[in-house]
Novice: 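Below are the structure tokens for one structure; questions will follow.
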Amino acid sequence: QLQLVESGGGLVQPGGSLRLSCAASGFTLDDYAMGWFRQAPGKEREGVSCISSTGYTTTYADSVKGRFTISRDVAKNTIYLQMNGLKPEDTAVYYCVAGPRCRPTVESQKYLKVWGQGTLVTVSS
């Protein structure tokens, strides 16, 4: 079975940092592109960041570019999202995703094969 398990969410102050982890099972990171989507209260789900199956290409939504970094550890079959300079508008449930194609856009969701259960990130003072 293809499964993704997120962890690392929590409460953080504006300007603070947090690192999310996503452990994949049933496949290796070589098999799929992976990434992160999020859904804020009362808003549509949106793409945040993606990384290719080679790990060579990363993409980011404009809203997080320069603040967030996606990475992976092949040995651990895990991807990460390092979030710096967090803002209240980053508050959302963050979902790890995997599929043959990943882009941080609404349109790319149709290519995604598996979603994690989500982890809540709350940015508040």
Side-chain angles (χ1 to χ4, degrees):
Q1 293 182 353
L2 306 179
Q3 292 188 351
L4 301 170
V5 180
E6 304 99 328
S7 61
L11 176 65
V12 64
Q13 300 176 67
S17 298
L18 205 60
R19 189 175 81 155
L20 306 183
S21 299
C22 172
S25 61
F27 67 98
T28 71
L29 303 189
D30 296 332
D31 296 330
Y32 291 116
M34 296 185 67
W36 297 89
F37 279 64
R38 68 185 183 186
Q39 188 164 24
K43 296 185 178 180
E44 297 271 58
R45 185 175 291 162
E46 64 178 355
V48 177
S49 181
C50 292
I51 186 166
S52 67
S53 60
T54 65
Y56 294 155
T57 302
T58 58
T59 52
Y60 300 90
D62 288 342
S63 59
V64 307
K65 199 171 298 181
R67 298 188 297 121
F68 291 10
T69 303
I70 191 169
S71 62
R72 70 179 196 167
D73 186 330
V74 174
K76 295 181 178 179
N77 221 41
T78 298
I79 69 164
Y80 305 92
L81 185 68
Q82 179 65 47
M83 304 183 293
N84 299 327
L86 284 162
K87 305 175 180 179
E89 52 261 45
D90 294 319
T91 295
V93 176
Y94 284 71
Y95 298 92
C96 185
V97 299
R101 178 181 172 86
C102 182
R103 292 292 187 273
T105 65
V106 173
E107 293 78 13
S108 73
Q109 293 184 79
K110 62 186 177 183
Y111 298 108
L112 302 175
K113 296 288 187 181
V114 58
W115 294 69
Q117 83 287 351
T119 186
L120 177 63
V121 172
T122 302
V123 184
S124 177
S125 59

Novice: How far does OH of Tyr32 sit from SG of Cys50, to the nearest 0.5 angstrom?
Specialist: 15.0 Å

Novice: Taking side-chain hydrogen bond (donor to acceptor under 3.5 Å, both in side chains) as the cut-off, I'd like each qualifying pair that reaches into residues 79-89, sequence neighbours left out, listed once.
Specialist: Ser17-Asn84, Gln82-Asn84

Novice: One pair to check against side chain to side chain contact (heavy atoms under 4.5 Å, CB included): Ser124 and Thr91. What are the steps and the verdict?
Specialist: CA-CA 8 Å; Ser124 177; Thr91 295; 5.9 Å; no

Novice: Mind checking the OG1-CE spacing from Thr69 to Met83? Nearest 0.5 Å is all I need.
Specialist: 11.0 Å

Novice: In terms of ring plane angle, is the pair Tyr94 and Phe68 parallel, tilted or perpendicular, where the classes change at 30° and 60°?
Specialist: tilted

Novice: Are Trp36 and Tyr95 connected, step by step, through hydrophobic side chains (Ile, Leu, Val, Met, Phe, Trp, Tyr) whose heavy atoms are closer than 4.5 Å?
Specialist: no

Novice: If Ile, Leu, Val, Met, Phe, Trp and Tyr residues are connected whenever their side-chain heavy atoms lie under 4.5 Å apart, and connections chain through other members, are Met34 and Val114 in the same group?
Specialist: yes

Novice: side-chain contact (heavy atoms from CB on, under 4.5 Å) with Val121: which of Asp90, Leu11, Leu20?
Specialist: Leu20

Novice: Examine distances only and state if a side-chain atom of Arg67 and a backbone atom of Gly85 form a donor-acceptor pair shorter than 3.5 Å.
Specialist: yes

Novice: Counting N and O atoms only, with roles assigned by atom type, does the side chain of Arg72 sit under 3.5 Å from a partner on the main chain of Ser53, one being a donor and the other an acceptor?
Specialist: yes

Novice: State whether the side chain of Ser49 and the backbone N or O of Thr59 hold a donor-acceptor pair below 3.5 Å, judged by distance alone.
Specialist: yes

Novice: Applying salt bridge (Lys or Arg N to Asp or Glu O under 4.0 Å), can you list everything that pairs with Glu6, at least two apart in sequence or on another chain?
Specialist: none

Novice: I need the full list of ring-ring contact (aromatic ring centres under 6.0 Å, His included) pairs touching residues 47-66, with sequence neighbours left out, sorted by first then second residue.
Specialist: none

Novice: From the options Gln109, Gln39, Arg38, select the one residue that forms a side-chain hydrogen bond (donor to acceptor under 3.5 Å, both in side chains) with Glu46.
Specialist: Arg38

Novice: Does Asn77 reach the main-chain N or O of Phe27 with its side chain, forming a donor-acceptor pair under 3.5 Å?
Specialist: yes

Novice: Taking Ile70 as the starting point, is it possible to reach Val64 by hopping between hydrophobic residues whose side chains are less than 4.5 Å apart?
Specialist: yes

Novice: Hey, does Val48 have a side-chain heavy atom less than 4.5 Å from the side chain of Pro104?
Specialist: no

